[in-house]
Amino acid sequence: MKLILTVAAAAALALPAAATAQDSADGWHLMTSQDGFLVGIDTKSIKADGGGRLYTMRLSKQGDANTALFDLRADCAARTVQVLHGYQIAGGKKTEAPNMAGAPETVDDDPSGKAMLDYVCQAPLAG
């Protein structure tokens, strides 16, 4: 999880805030992009889970067909994010990445993690 947020944080710090958040027609909210790496949240996946939110994050590189997806749980009150599942999509095939689940981690010391948590906790719920 820290690696995911570190990549996202590095990308977020390199761009002005106005250039980071965009919504696409297919329901993805682009949180940040830098050096060809894109970090987005599937707005159609955001669901309530007790005092938190469940959602899917995508990490990809422009021009590369391979993508990593992460099912996450945000605890909005505790300000933590937890990886529940990780997947890789390569050649159109989705496979689960082993050993991706982890304990909840505080994100307030990570600018990108904080921005993602704030977005997910304030976003409208899917469907």
Side-chain angles (χ1 to χ4, degrees):
M1 176 66 174
K2 289 209 186 279
L3 175 61
I4 297 163
L5 294 178
T6 299
V7 169
L13 289 173
L15 294 173
T20 61
Q22 301 174 23
D23 290 330
S24 66
D26 63 355
W28 285 93
H29 178 82
L30 178 64
M31 291 299 300
T32 189
S33 66
Q34 184 208 0
D35 296 331
F37 285 96
L38 306 172
V39 178
I41 294 173
D42 181 359
T43 60
K44 296 180 287 186
S45 73
I46 301 172
K47 297 184 176 34
D49 181 54
R53 301 281 178 99
L54 299 174
Y55 65 102
T56 299
M57 182 182 81
R58 174 175 63 191
L59 176 62
S60 60
K61 185 163 176 71
Q62 282 182 318
D64 188 341
N66 298 332
T67 299
L69 296 176
F70 301 92
D71 292 332
L72 305 167
R73 183 183 188 282
D75 185 322
C76 300
R79 309 283 304 155
T80 60
V81 175
Q82 178 180 13
V83 175
L84 304 175
H85 299 99
Y87 306 92
Q88 180 177 342
I89 300 175
K93 182 179 176 187
K94 181 178 176 180
T95 56
E96 186 162 0
N99 305 317
M100 290 304 301
E105 295 184 27
T106 303
V107 297
D108 279 337
D109 59 345
D110 173 357
S112 184
K114 181 182 180 309
M116 283 189 266
L117 182 75
D118 290 344
Y119 175 79
V120 168
C121 290
Q122 297 171 15
L125 297 175

Joint hydrophobic cluster, Met116 plus Leu54, side-chain heavy atoms closer than 4.5 Å: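 Different clusters.
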Ile41 with Leu125, same ILVMFWY side-chain cluster at under 4.5 Å: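 They do share one cluster, since a chain of ILVMFWY contacts under 4.5 Å joins Ile41 to Leu125.
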Derivation of the side-chain contact (heavy atoms from CB on, under 4.5 Å) call for Val83 and Glu105: CA-CA 9 Å; Val83 175; Glu105 295 184 27; over 6 Å; no
Inter-residue atom distance [X].[atom1] - [Y].[atom2], 0.5 Å rounding:
X      : Y      : atom1 : atom2 : answer
Asp118 : Met31  : CG    : CE    : 8.5 Å
Thr106 : Lys114 : OG1   : NZ    : 13.0 Å
Ile89  : Thr67  : CD1   : OG1   : 5.5 Å

Donor-acceptor contact present, side-chain Gln82 to main-chain Leu72, <3.5 Å: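 Not confirmed, Gln82 side chain does not pair with Leu72 backbone.
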Sequence neighbours excluded - disulfide (SG to SG under 2.5 Å) pairs with any residue from residues 42-83: Cys76-Cys121
Sub-4.5 Å side-chain heavy-atom contact between Arg58 and Leu38: no
Heavy-atom side-chain contact between Met57 and Val39 under 4.5 Å: yes
Non-neighbouring partners of Thr56 that pass side-chain hydrogen bond (donor to acceptor under 3.5 Å, both in side chains), sequence neighbours left out: Asp71
Non-neighbouring partners of Asp108 that pass side-chain hydrogen bond (donor to acceptor under 3.5 Å, both in side chains), sequence neighbours left out: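 Testing Asp108 for side-chain hydrogen bond (donor to acceptor under 3.5 Å, both in side chains), a comparison that skips the adjacent residues, returns Arg79.
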With sequence neighbours excluded, residues passing side-chain contact (heavy atoms from CB on, under 4.5 Å) with Ala126: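 Partners of Ala126 under the side-chain contact (heavy atoms from CB on, under 4.5 Å) test: Lys47.
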Those residues that, when tested against Lys61, pass side-chain contact (heavy atoms from CB on, under 4.5 Å) (two or more places apart):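 Expected list: Phe37, Asp64.
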Listed partners of Asp49 passing salt bridge (charged side-chain N to carboxylate O under 4.0 Å, His left out), at least two apart: Arg73
Could you pull out all donor-acceptor pairs under 3.5 Å where a side-chain atom in residues 90-101 meets a protein atom, sequence neighbours excluded?
none

Heavy-atom closest contact (Ala123 atom, Ile46 atom, distance):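 So the minimum-distance heavy-atom pair works out to CB-CD1, 3.7 Å.
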Nearest heavy atoms of Tyr55 and Ala74, plus distance in Å: CE2-CB, 3.8 Å
Pair Asp42-Leu69, side-chain contact (heavy atoms from CB on, under 4.5 Å): steps then yes or no: CA-CA 10 Å; Asp42 181 359; Leu69 296 176; over 6 Å; no
